[in-house]
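Written below as structure tokens is the structure these notes are about.
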Protein chains: 2
Amino acid sequence: MHYTRDNMAGLLRSHDINPTHQRIEIAHALFSRQEHLSADQVMAIVNTRHSETSKATVYNTLKLFLEKGLVREVIVDPSKVFFDPNTDPHHHLYEVDSGKLSDIDAEHIQISGLPPLPPGMVTEGIDLIVRIRRKA
Amino acid sequence: MHYTRDNMAGLLRSHDINPTHQRIEIAHALFSRQEHLSADQVMAIVNTRHSETSKATVYNTLKLFLEKGLVREVIVDPSKVFFDPNTDPHHHLYEVDSGKLSDIDAEHIQISGLPPLPPGMVTEGIDLIVRIRRKA
DNA sequence: CACCAATCTGGACTTTGTCTAATTCCCGGA
DNA sequence: TCCGGGAATTAGACAAAGTCCAGATTGGTG
């Protein structure tokens, strides 16, 4: 499957998002790379050729994608949020020194022994982050 | 065990930290409450009576405590870091709406199926965050 | 073509955290 | 007690990420 801009339009529509130029470019940046990108990085990518998209739009759009379930938010670094085009259940491996972030497929991971939730509450998500570092 | 200021001095010394007034106050804020506090909250607590401790010192001190293993950093909210006086192995339950953060004892939790680490890397920590929300 | 709602924009603003140069504190020795 | 010096603290300027708003643009419809 190629992540063409046309396919992006369809993807957006299927998530109930009006596919505008800017939104298509931002989706394309995320999905064609299949990487975790910060808002800053998205801005830089989208505006490489000619300045096209404002900071406000990048932030608004990423928030919209989040609400519509098109991307996931990954909070591992206190200084910036990453956006993840992979919404399948999965976890993260974070290289503390380099800041490199990669996926761990959730398929083979078992987490057991979690306590019952307080009444009236539901789980929104379980984030498992394995922080690793080069051996000293 | 009461978390008196005198006991704090001992705790700091035992972690190879020179116990100054400000450090004792900051440690006392964290340990007497046994809660997760942000740098801002620590600032507010320490300076309630009379303004005593500058922002720079609060940040420097928290970073120092972190390096010396006296507290842990909890990254759940993109907008601020929490500091956790509980350094026993444990995980976190995060109420997305209220921002309330509580501990989950790690004792009964089993995580299996993690993939092998890349060669030459070691695990620095495993953070498990259960995000919950009031049922709609 | 004109209209309207949705979208986008620049830029001011806020918040969290960092940095630096100057000051203050505290301890050990004379 | 007084002094010197390294450690610690300070105020405030600065940086980076993200939010907000009022006005401009866009694009689809009659």
Side-chain angles (χ1 to χ4, degrees), chain A residues 5 8-9 12-13 15-30 36-47 49-68 70-84 99 101, chain B residues 5 8-9 12-13 15-30 36-47 49-68 70-71 73-84 96 99 101:
Chain A
R5 285 171 175 75
M8 288 304 102
L12 295 180
R13 271 192 215 94
H15 280 78
D16 198 24
I17 298 170
N18 190 0
T20 65
H21 286 312
Q22 289 88 340
R23 289 171 180 175
I24 289 172
E25 285 305 312
I26 291 172
H28 186 253
L30 281 160
H36 309 84
L37 298 178
S38 66
D40 250 24
Q41 292 175 304
V42 171
M43 261 273 269
I45 291 170
V46 165
N47 289 330
R49 293 177 174 282
H50 358 35
S51 181
E52 291 177 330
T53 306
S54 69
K55 187 168 57 150
T57 297
V58 170
Y59 278 97
N60 288 342
T61 301
L62 289 171
K63 194 188 282 183
L64 178 68
F65 285 4
L66 204 57
E67 284 164 8
K68 298 297 189 177
L70 193 61
V71 300
R72 245 173 72 170
E73 207 177 21
V74 186
I75 304 171
V76 283
D77 183 309
S79 74
K80 60 180 57 161
V81 170
F82 287 97
F83 293 87
D84 188 344
L101 185 61
Chain B
R5 285 171 175 73
M8 287 304 103
L12 294 180
R13 271 193 215 94
H15 280 78
D16 197 24
I17 297 170
N18 191 0
T20 65
H21 286 310
Q22 288 89 341
R23 289 172 182 175
I24 289 172
E25 285 306 312
I26 292 172
H28 186 253
L30 281 160
H36 308 84
L37 299 178
S38 66
D40 251 24
Q41 292 175 305
V42 170
M43 261 273 271
I45 291 169
V46 165
N47 289 330
R49 292 174 176 282
H50 1 39
S51 182
E52 292 176 330
T53 305
S54 70
K55 187 168 57 151
T57 297
V58 170
Y59 278 98
N60 288 342
T61 300
L62 289 171
K63 193 188 283 183
L64 178 68
F65 285 4
L66 204 58
E67 284 164 9
K68 298 296 189 177
L70 194 61
V71 301
E73 208 177 21
V74 185
I75 303 171
V76 283
D77 183 308
S79 75
K80 60 180 57 162
V81 170
F82 287 97
F83 293 87
D84 188 346
V96 174
L101 185 61

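From a predicted model like this one, the values you see are computed outputs, not experimental measurements.
dT18(C) atom P lies 11 Å from atom CG of Leu66(B), rounded to whole Å. Residue Ile75(A) contributes atom CD1, which lies 16 Å from atom P of dA17(D) at whole-angstrom precision. To the nearest angstrom, C1' of dT19(D) lies 14 Å from CG of Leu62(A). The interatomic distance linking Phe83(A) (CZ) with dG18(D) (P) rounds to 7 Å, in whole Å. Rounded to a whole Å, the CG atom of Leu64(B) is 11 Å from the C1' atom of dA8(D). Counting to the nearest Å, the P atom of dA8(D) and the CD atom of Glu25(B) are 17 Å from each other. Between Leu37(B) atom CG and dT16(C) atom P the separation is 14 Å, expressed in whole Å. For the pair Lys80(B) NZ and dT16(C) P, the interatomic distance rounds to 5 Å; values are reported in whole Å.
What you find for Leu30(A) and Phe83(A) is that their closest heavy atoms are CD2-O, 3.8 Å. The two residues Ala29(A) and Leu37(A) have their closest heavy-atom pair at O-CD1, 3.9 Å. Across every non-hydrogen atom of Leu12(A) and Ala27(A), the tightest pair is CD2-CB, 4.2 Å. When every heavy atom of Val81(B) is checked against every heavy atom of Pro78(A), the shortest pair comes out as CG2-CB, 3.2 Å.
Close to dC8(C), at under 4.0 Å from its OP1 or OP2, lies a side-chain N or O of Thr20(A). For the pair Ser38(B) and dT16(C), the criterion of a side-chain N or O lying under 4.0 Å from OP1 or OP2 is not met. Look at Tyr59(B) and you'll find a side-chain N or O under 4.0 angstrom from OP1 or OP2 of dG17(C).
Distance check: Ile26(B) CD1 to Thr53(B) OG1 gives 5.5 Å after rounding to the nearest 0.5 Å. To the nearest 0.5 Å, atom CG of residue Leu62(B) and atom CE of residue Met43(B) are 11.0 Å apart. We find the CD-NE2 distance between Glu67(B) and His15(B) to be 13.0 Å, quoted to the nearest 0.5 Å.
Remark: Lys68(A) engages Asp16(A) in a salt bridge (Lys or Arg N to Asp or Glu O under 4.0 Å) (not counting sequence neighbours). Applying the side chain to side chain donor-acceptor pair (under 3.5 Å) criterion to Thr61(A), with sequence neighbours excluded, gives no partner residue.
End-to-end axis angle of the helix from dC1(C)-dG30(D) to dA30(C)-dT1(D), using five pairs per end and rounding to 10°, comes to 10°.
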Filtered N/O pairs between nucleotides 9-12 of chain C and protein, under 3.5 Å:
| from | atom 1 | to | atom 2 | distance (Å) |
| --- | --- | --- | --- | --- |
| dT9(C) | OP1 | Gln22(A) | NE2 | 3.4 |
| dT9(C) | OP1 | Glu52(A) | O | 2.5 |
| dT9(C) | OP2 | Ser54(A) | N | 3.0 |
| dT9(C) | OP2 | Ser54(A) | OG | 3.3 |
| dT9(C) | OP2 | Thr57(A) | OG1 | 2.8 |

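Paired with Ile75(A) under the rule side chain to side chain contact (heavy atoms under 4.5 Å, CB included), one option of Asp77(B), Val76(B), Ile75(B) passes, and it is Ile75(B).
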Show me the donor-acceptor pairs within less than 3.5 Å that the side chains of residues 17-25 of chain A make with the rest of the protein, sequence neighbours left out.
| from | atom 1 | to | atom 2 | distance (Å) |
| --- | --- | --- | --- | --- |
| Thr20(A) | OG1 | Arg23(A) | N | 3.3 |
| Arg23(A) | NH1 | Asn18(A) | O | 3.0 |
| Glu25(A) | OE1 | Arg5(A) | NH2 | 3.3 |
| Glu25(A) | OE2 | Arg5(A) | NE | 2.6 |

TODO: Summarise how protein sits on nucleotides 25-30 of chain D as a single string, 5' to 3': B when a protein heavy atom is under 4.0 Å from the base, S for sugar-phosphate-only contact, - for no contact.
DONE: --S---
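Taking only side-chain atoms of Asn18(B), from C-beta outward, the nucleotide of dA8(D), dA17(D), dA6(C) with the closest atom is dA8(D).
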Open item on the list: Assess the residue pair Asp40(B) and Ser38(B) against the criterion (side chain to side chain donor-acceptor pair (under 3.5 Å)); give the C-alpha distance rounded to whole Å, side-chain angles, the decisive distance to 0.1 Å, and a yes or no.
Closed with: CA-CA 5 Å; Asp40(B) 251 24; Ser38(B) 66; 5.6 Å; no
